[in-house]
Amino acid sequence: MERVKALLVLVTTVTFAASPVFVTSFAGYDPSLFPVPQIDPPVQPAGWAFSIWGVIYAWLILSALFGLLARALDDRWDRPRWPLFAALLIGTFWLWTATLSPVWATVMIFAMLVLALGAAARAPTHDSWLLGAPVSLFAGWLTAASFASLGITAAGYGLWMGQTAWAFACITGALVVGLTALITLRPHPTYALALAWALAAIAVKDWSTHTDVALFAALGALATLAATVRSYALRATPRRPAG
């Protein structure tokens with residue numbers, strides 16, 4: 001069964017990474033899909049930030065190959081496989097869904113986030129750069145991307161607040177989830193790097209148009225990096241014996 005799970009992870013990793021080949025038209029949610037068209041929403045990171053997907057795809061494929069060929073029967077590698085498989089399976093169909101329905105795409109990306117966090121939490125410290133690191137990078141980006149999707153969709157349907165207020169709310173949401181994950185789940189540091197990357201890209205994009213959102217996102221990026229440094233410093237500090 002372990003080999004089957006390792007193979008399923010590899011197959012879905014490849015289909016997930018190949019999905020942009022089959023959905024070439026996606027460049028963010030189509031503004032016409034919303035009652036209130038969302039043109040350059042402040043909660044969305046700058047376009048260059050999405051280049052991180054190249055790293056995520058390549059690293060996950062390398063991890064899945066190594067997992068099948070060298071760690072198929074390793075119990076430590078087996079623990080995160082089911083949630084990772086489920087996240088990748090949903091991700092395979094995410095781009096196609098996003099071209100049709102931002103609402104369903106938002107539901108799907110939050111499901112991916114929960115599953116990816118579960119996989120990151122189960123990833124062992126053993127072979128961390130071949131398992132924990134790529135899975136945590138994936139989860140970190142999803143933390144930002146899921147709340148960005150929520151902010152764009154909610155503002156697009158005119159729910160309660162406008163673009164700027166939703167940007168503040170969703171950056172706050174991403175930070176709450178991210179910092180909680182860093183403190184309680186202690187994923188690989190790549191989790192914090194991915195989340196900080198997304199927040200920094202929001203700050204850079206909004207600097208000249210929504211300076212308040214940009215400052216908040218920049219502070220969030222710094223807080224994310226500080227939290228992971230503190231978490232790993234505490235982990236590395238030996239405990240003194242009682243008494």
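Please read all numbers here as calculations on a predicted model, not as lab measurements.
- When the side-chain hydrogen bond (donor to acceptor under 3.5 Å, both in side chains) test is applied to Ser208, no partner is found at least two apart in sequence or on another chain.
- The two residues Ala86 and Leu115 make their nearest non-hydrogen contact at CB-CD1, 3.6 Å.
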Is there a side chain to side chain contact (heavy atoms under 4.5 Å, CB included) between Trp77 and His126 once you walk through the steps?
CA-CA 9 Å; Trp77 274 67; His126 176 65; 4.2 Å; yes

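- When all heavy atoms of Ala174 and Leu195 are compared, the closest pair comes out as O-CD2, 4.1 Å.
- For the side-chain hydrogen bond (donor to acceptor under 3.5 Å, both in side chains) test, no residue two or more places apart in sequence or in another chain qualifies with Gln44.
- Here the shortest heavy-atom pairing between Leu131 and Ala123 reads CG-CB, 4.2 Å.
- Using a 4.5 Å cut-off on side-chain heavy atoms (C-beta onward), Trp48 and Val204 make contact.
- Between Trp82 and Phe85, the distance from one ring center to the other falls under 6.0 angstrom.
- Atom CZ of Arg71 and atom CG of Leu65 lie 14.0 Å apart (nearest 0.5 Å).
- Applying the side-chain hydrogen bond (donor to acceptor under 3.5 Å, both in side chains) test to every pair with at least one member in residues 167-180, sequence neighbours left out, gives no pairs at all.
- Rounded to the nearest 0.5 Å, atoms CG (Asp30) and CG (Leu100) are 10.5 Å apart.
- Closest non-hydrogen pair, Ala49 versus Trp197, comes out as O-NE1, 2.8 Å.
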Contacts under 3.5 angstrom, residues 54-63 side chains, donor-acceptor by atom type, not counting sequence neighbours:
from  : atom 1 : to     : atom 2 : distance (Å)
Trp59 : NE1    : Trp129 : O      : 2.9
Ser63 : OG     : Leu130 : O      : 2.6

Can Ile90 and Ile109 be said to form a side chain to side chain contact (heavy atoms under 4.5 Å, CB included), step by step?
CA-CA 8 Å; Ile90 295 171; Ile109 201 168; over 6 Å; no

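- At a threshold of 4.5 Å between side-chain heavy atoms, the hydrophobic network of Ile, Leu, Val, Met, Phe, Trp and Tyr places Val103 and Leu33 in two separate groups.
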Exercise answer: donor-acceptor pairs, residues 210-227 side-chain atoms, under 3.5 Å, sequence neighbours excluded:
from   : atom 1 : to     : atom 2 : distance (Å)
Thr211 : OG1    : Trp207 : O      : 2.9
Thr224 : OG1    : Gly220 : O      : 2.8

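- In the hydrophobic clustering of this structure, Val176 does not group with Met161; members are Ile, Leu, Val, Met, Phe, Trp, Tyr whose side-chain heavy atoms approach within less than 4.5 Å, directly or through other members.
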In sequence, state the C-alpha distance, the side-chain angles, and the governing distance for Trp96 and Phe93, and then conclude on ring pair (Phe, Tyr, Trp, His ring centres under 6.0 Å).
CA-CA 6 Å; Trp96 176 76; Phe93 300 99; 7.6 Å; no

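- Screening residues 81-110 for salt bridge (Lys or Arg N to Asp or Glu O under 4.0 Å) gives Asp78-Arg81 as the qualifying pairs, with residues at least two apart or on separate chains.
- A single hydrophobic cluster is seen to contain both Trp94 and Leu113, as judged by linkage of ILVMFWY side chains at heavy-atom distances under 4.5 Å, directly or through other members.
- To the nearest 0.5 Å, atom CZ of residue Arg76 and atom OG1 of residue Thr125 are 8.0 Å apart.
- In summary, Asp40 and Lys205 engage in a salt bridge, as defined by a charged side-chain N under 4.0 Å from a carboxylate O.
- Grouping the Ile, Leu, Val, Met, Phe, Trp and Tyr side chains by contacts below 4.5 angstrom, directly or via other members, places Phe66 apart from Leu7.
- Counting Ile, Leu, Val, Met, Phe, Trp and Tyr side chains that sit under 4.5 Å apart, directly or through other members, Val107 shares a hydrophobic cluster with Trp104.
- Between Pro80 and Ala119, the shortest heavy-atom distance links the atoms CB-O, 3.3 Å.
- Shown here for Ala6 and Gly67, the closest heavy-atom pair between the two residues is CB-O, 4.2 Å.
- With contacts defined as side-chain heavy-atom distances shorter than 4.5 Å, the pair Val177/Leu117 qualifies.
- Between the Arg122 side chain and the Gly118 main chain, a donor and an acceptor come within less than 3.5 Å of each other.
- Here Trp166 pairs with nothing under the side-chain hydrogen bond (donor to acceptor under 3.5 Å, both in side chains) rule; sequence neighbours left out.
- When hydrophobic side chains of Ile, Leu, Val, Met, Phe, Trp and Tyr are connected at separations under 4.5 Å, Leu73 ends up as a singleton with no cluster partners.
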Tell me which donor-acceptor pairs under 3.5 Å the side chains of residues 11-20 have, and how far apart each pair is, sequence neighbours excluded?
from  : atom 1 : to    : atom 2 : distance (Å)
Thr12 : OG1    : Leu8  : O      : 2.8
Thr12 : OG1    : Val9  : O      : 3.2
Thr13 : OG1    : Val9  : O      : 2.6
Thr15 : OG1    : Val11 : O      : 3.3
Thr15 : OG1    : Thr12 : O      : 2.9
Thr15 : OG1    : Thr92 : OG1    : 3.0
Ser19 : OG     : Phe16 : O      : 2.7

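- Put simply, Met1 and Leu84 are part of the same group of oily side chains (I, L, V, M, F, W, Y) that touch within less than 4.5 Å, one to the next.
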Donor-acceptor contacts under 3.5 Å from residues 135-152 side chains, at least two apart:
from   : atom 1 : to     : atom 2 : distance (Å)
Ser136 : OG     : Gly132 : O      : 2.8
Ser136 : OG     : His188 : N      : 3.1
Thr143 : OG1    : Ala139 : O      : 2.8
Thr143 : OG1    : Tyr191 : OH     : 2.8
Ser146 : OG     : Leu142 : O      : 2.8
Ser146 : OG     : Thr143 : O      : 3.2
Ser149 : OG     : Tyr29  : OH     : 2.6
Ser149 : OG     : Thr106 : OG1    : 2.6

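- Grouping Ile, Leu, Val, Met, Phe, Trp and Tyr residues whose side-chain heavy atoms lie under 4.5 Å apart, directly or via other members, leaves Val114 alone, with no other cluster members.
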